[in-house]
Amino acid sequence: MPIRWISATATDQGPRRVMADAATYRNRGNGHRAWAVADGIGDDYEPAYAAQLAAATAAQVTTTGGAFRGIATARGVLQDEYEGAPRGQSGDCVMVTAVPFPDHAGGGFDIAWVGDCRAYSVRGGTLHQETEDHTQGAAMLRSETAWTREIAPGYDHVVTRSVLRDSEIASVRVDGPVERLLLCTDGASKVLPAEVVAAILTGTNSASRAARALVAAARARPGARDNIAVTVLMPRS
């Protein structure tokens, strides 16, 4: 019997001028459900619109087409939207999307992403980061040069893949049993230690309480000024 998932989303604009994070859930019935979280690149209205459009498109398509196709379709929609736009007047975003495998009794997920939105799962009581950040900082951490690795954190904000750009879309299959799934923007992941994320996700059976707690913990961290969006999934008990 496939697992029935309960989800909850929490967001916080913080001190930014614009809320450029977006989170969307789509349910097309018969078990076809999907979730997407997107982060507009820049503190402006066009990136915010791009994130909302991309998240809504990806979640809708992902329900039946899979996570990779969801982001690929969102890319086509954004490229059509901004075709011919003057330089600097197009919006772009990074995102992650997830869909449960149909008829998967263990609660596995198909996940795709571009940029530094993340997916975490809890399996066997342990937190796993299922995505890899597509940022200049992450690439520099893999350098053989110690100095390059040392300065890498200063480049974590420079994304190397996005929805609008023709860059590779990454995907991963997460086999169950999955006890928790978290999709989030870097406003949460860049400031919350893994142990805090794990404690919050495993410390309650309420997706809404976990989502609110993650946002509150992220906002309370020193220097946390970014938008925050988190979506938490838990199996229905």
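If you take CD on Q79 and OG on S90, they are separated by 10.5 Å, rounding to the nearest 0.5 Å. Residue S162 holds its OG atom at 11.5 Å from NE2 of H134, rounded to the nearest 0.5 Å. Atoms CE and CG, on M19 and D43 in that order, are 11.0 Å from each other to the nearest 0.5 Å. Residue Q60 holds its CD atom at 5.5 Å from OG1 of T63, rounded to the nearest 0.5 Å. Once rounded to the nearest 0.5 Å, the distance linking CD1 of I169 with CD1 of I71 reads 6.0 Å. Note that CZ of R165 is 6.0 Å distant from CG of D92, once rounded to the nearest 0.5 Å.
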Trace of the side chain to side chain contact (heavy atoms under 4.5 Å, CB included) decision for L214 with L201: CA-CA 8 Å; L214 285 164; L201 289 178; 4.0 Å; yes

Intermediate values then yes/no, side chain to side chain contact (heavy atoms under 4.5 Å, CB included), H128 and V122: CA-CA 6 Å; H128 300 267; V122 175; over 6 Å; no

Residue pair T73, T57: steps toward the side-chain hydrogen bond (donor to acceptor under 3.5 Å, both in side chains) verdict: CA-CA 7 Å; T73 303; T57 301; over 6 Å; no

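Closest approach of L233 and S7 over heavy atoms only: CG-CB, 4.0 Å. Considering all non-hydrogen atoms of both residues, A38 and T185 come closest at O-CG2, 3.8 Å. Closest approach of R16 to N227, counting heavy atoms only: CB-ND2, 3.4 Å. Between A138 and D133 the shortest heavy-atom distance is CB-O, 3.4 Å. Heavy-atom minimum distance, R161 versus E168: CD-O, 3.1 Å. The nearest pair of heavy atoms linking M95 to A74 is SD-CB, 4.5 Å.
A donor-acceptor pair under 3.5 Å is formed between the side chain of T97 and the backbone N or O of W35. Side chain of E179 to main chain of G124: a donor-acceptor pair is present (N/O by atom type, distance under 3.5 Å, no hydrogens or angles).
Taking 4.5 Å as the limit, some side-chain heavy atom of V172 sits within range of a side-chain heavy atom of W113. Using a 4.5 Å heavy-atom threshold, the side chains of M140 and T145 count as separate. With a 4.5 Å cut-off on side-chain heavy atoms, L53 and V77 count as touching. Here the side chains of P100 and R4 are not in contact, with every heavy-atom distance at 4.5 Å or above. With a 4.5 Å cut-off on side-chain heavy atoms, V94 and V163 do not count as touching. Proximity of R69 to S171: side-chain heavy atoms (C-beta onward) are nowhere separated by under 4.5 Å.
Hydrophobic clustering of Ile, Leu, Val, Met, Phe, Trp and Tyr side chains at less than 4.5 Å, counting indirect connections, unites V178 with V96. In the hydrophobic clustering of this structure, Y120 does not group with I111; members are Ile, Leu, Val, Met, Phe, Trp, Tyr whose side-chain heavy atoms approach within less than 4.5 Å, directly or through other members. In terms of hydrophobic clustering, with Ile, Leu, Val, Met, Phe, Trp and Tyr side chains grouped at heavy-atom distances under 4.5 Å, L183 and L192 are assigned to different clusters. Put simply, V197 and V215 are part of the same group of oily side chains (I, L, V, M, F, W, Y) that touch within less than 4.5 Å, one to the next. Placement of Y25 and V230 in two distinct hydrophobic clusters is found when ILVMFWY residues are connected by side-chain heavy-atom separations under 4.5 Å, directly or transitively.
In R225, the CZ atom is not crowded: 12 or fewer heavy atoms of neighbouring residues, nucleotides or ligands sit closer than 6.0 Å. Other residues, nucleotides and ligands contribute at most 12 non-hydrogen atoms within 6.0 Å of the CD atom of E83.
The only option from I200, L182, T204 that meets the side chain to side chain contact (heavy atoms under 4.5 Å, CB included) definition with V232 turns out to be L182. Each of R173, R123, R118 was scored for a side chain to side chain donor-acceptor pair (under 3.5 Å) with E130, with one residue passing: R123.
Inspection of the E81 and Y49 side chains reveals an N or O donor paired with an N or O acceptor under 3.5 Å.
Between F109 and W5, the distance from one ring center to the other falls under 6.0 angstrom.
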